[in-house]
Amino acid sequence: MTTTKDPQEKGAPKIEHERNGLMKRLRRSASATEHNLSNLRNRKSTQNLFDQHGNPIDLRQYRKVLDKDENGNGTNGSEKKTRYRRTQSVTRAEEISTKEEKQRKAQPGRPIHRPRDSLFSWSSGFTNFTGLVNWGFLLLCIGGLRLGLENLLKYGIRINPLDWFFFISGRNEGEGHNALILIIFSLVHISLCLAVEKGLAMEIIAEGLGIFIQIVNIIVLVCLPVVIIHLKGHAFSLMGASTVCFFYSILFLKIWSYVQTNMWCRQTYYQKNPRERRPSITLAELKNGHLDGGDEDEDISKLVQYPDNLSYRDLLYFLCAPTLCYELNFPRTSRVRKRFLLKRLLEVMIGVHVVMALFQQWIIPSVRNSLIPFSNMDVALATERLLKLALPNHLVWLCFFYLMFHSFLNAVGELLNFADRNFYCDWWNAINIDTFWRTWNMPVHRWCVRHLYIPVVQMGYSSRQASTIVFLFSAFFHEYLVSVPLQTYKIWAFMGMMGQIPLSAVSKYIERRLGPRMGNILVWASIILGQPLCIMAYYHDYVVTHFQNSLNGTEYES
């Protein structure tokens, strides 16, 4: 009769054999192999574990390596063994270096040197340049004050708020209030857009016909100021024509977004209700949530649903809101912060006066003095005028940025309880031109991505082609906002925007080869020098176009 052995008794010789083999390996070498790794990980006692010299082995020294190998996926035994030996080698080298440093410091010669890099070296890891930033800011202020003092000594005080009023109101220019009439006429385009959208929602107008009417309406909207100002240019002041072009550009982008967003909502509605005709569904039923079980979720029923958004109130709110992208439900704030609103309004009032003062006192004389050197193509003197104009122009641009994107848009958003205040990002840290254009004007950037870039990519074009189309679109409107009010149809602004494409490639190359700091310097250089060059070119062409005889008798001061 055979007796059944206990499984623990059967496994005892095997465990004893593995233990003896493990001890032999550890006596030969302190390194671990794939065969005994699991035993070493699970072993808690260090009894009977010795290295090749007979010294006891403390597994706690190898615990980090063993745990790392245990959690590693897809590594074979040789890779684990190599990694373990490399860890031992690095540790050994650090121990040698530390011991050598301690011995050197213990010498009676009082050593004070240790391995370290110079602070201006990239490998030093030093990043605190606050003192240099303060030095640069102070130096810039001193240079600006010197130029300001030179301007006062040469031209005297030119600031006259009465002239600002005449310029803004166009009192001594134009005939009547043509700019105001043209702005009021835009209600025709707004009403037509809303009427067509309602007709499409109620299926009174066919989809193809409705889209065609909206496209024609948008094209006429953007072309109307060009035609009117070209035919009746003498009836518009420069400020009035600029205001009309700016207003119609914003209206063009907003109506485009309104039409396209409603088209997306209409397509989704057709998918959910393919055979239903919307005239049988009243707006009251939609408001009461009778469609699609509106009583099931109280929070969702509070949101405006398509086509409940098609109203004058909703459209006019969007036209006044500080955004270019339409949504059926904008994020809203719960209250108006009166102190915050008052600060922004004060900034707008003070900022307008500062910009006008800088423009009248500093920029106008510099631009006028650049006319003859620029016309005679005197490169050295024209470059000097460019650099002289760069500082006041840049100060005006920075003031305008803060005034428009922070003060004014925040004030409008606060009045309308508009919660999304991301009007700009940290464009001053841009390390290439692409990053700058993506961060400095967020309303326009989001519009371009949502309504132009993504639809073009979805049509099958590459991202590079879509980016080129976006730059073409932006270049057109930059030229539109400058050439139409001046009635000087050149392409300097258009070429300047299209030049951003190769400049973007150059800035990315410099960023890769010389680091992000040099890329940021290139971005700032393009901003500081590009704008005054464009101003000088347009001023010269404006004088040549409208005041040809002035070039022959104009003198410039040094």
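Quantities reported herein were computed from a predicted structural model and do not represent experimental measurements. All values below were derived from every heavy atom in this structure, side-chain atoms included, with hydrogens, water molecules and symmetry-related copies excluded. All residue numbers in this chain count up from 1 along the given sequence.
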Which pair of heavy atoms, one from [X] and one from [Y], lies closest together, and at what distance?
X    : Y    : result
A430 : V523 : O-CG2, 3.8 Å
R450 : Y326 : NH1-O, 2.8 Å
P485 : L238 : O-CD1, 3.7 Å
I433 : S504 : CB-CA, 3.9 Å
Y306 : L328 : N-CD2, 3.6 Å

Do the two ring centres, one from [X] and one from [Y], sit under 6.0 Å apart?
X    : Y    : value
Y248 : F252 : no
F494 : F476 : no
W447 : W256 : yes
W427 : F401 : yes
W524 : W397 : no
H478 : W492 : no

Note to self: I'd like to know whether V259 forms a side chain to side chain contact (heavy atoms under 4.5 Å, CB included) with V196, so could you lay out the CA-CA distance, the side-chain angles of the two residues, the decisive distance to 0.1 Å, and finally the verdict.
What the structure shows: CA-CA 10 Å; V259 171; V196 172; over 6 Å; no
Note to self: Go through it in stages, so that I can follow the logic: the residues are Y258 and L194, the test is side chain to side chain contact (heavy atoms under 4.5 Å, CB included), and I'd like the CA-CA distance, side-chain angles, deciding distance and then a yes or no.
What the structure shows: CA-CA 9 Å; Y258 185 78; L194 181 60; 3.4 Å; yes
Check: Taking the six-membered ring of F423, is NZ or CZ of R421 closer than 6.0 Å to its centre and within 45° of its axis?
Finding: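 Here R421 fails the 6.0 Å and 45° test against F423.
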Next item on the list: Tell me whether the guanidinium CZ or amine NZ of K254 lies under 6.0 angstrom from the six-membered ring centre of F318 and within 45° of its axis.
Entry: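 Yes.
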Next item on the list: Check each of N441, N422, T323 against R446 using the side chain to side chain donor-acceptor pair (under 3.5 Å) test, and report the only one that passes.
Entry: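 Running side chain to side chain donor-acceptor pair (under 3.5 Å) over N441, N422, T323 with R446 returns exactly one hit, N422.
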Note to self: Does this structure show an ion pair linking R344 with E414, if we count only N-O contacts that are shorter than 4.0 Å?
What the structure shows: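 The answer is no: the pair does not qualify as a salt bridge.
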Next item on the list: Salt-bridge test for E197 and R266: reply yes if a basic N is under 4.0 Å from a carboxylate O, no otherwise.
Entry: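 Salt bridge flag = yes for R266 with E197.
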Checklist line | Donor-acceptor contact below 3.5 Å, side chain E203 vs main chain G199 | finding: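 Looks like no, no N/O pair under 3.5 Å.
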Check: Under the 3.5 angstrom rule, does the side chain of S257 hit a backbone N or O of I255 as a donor-acceptor pair?
Finding: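 Side chain of S257 to backbone of I255, a donor-acceptor pair under 3.5 Å: no, none is there.
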In terms of heavy-atom contacts, does [atom1] of [X] have more than 12 from other residues, nucleotides or ligands at under 6.0 Å?
X    : atom1 : answer
R464 : CZ    : no
L231 : CG    : yes
F340 : CZ    : yes
I491 : CD1   : no
F405 : CZ    : yes
W437 : CH2   : yes

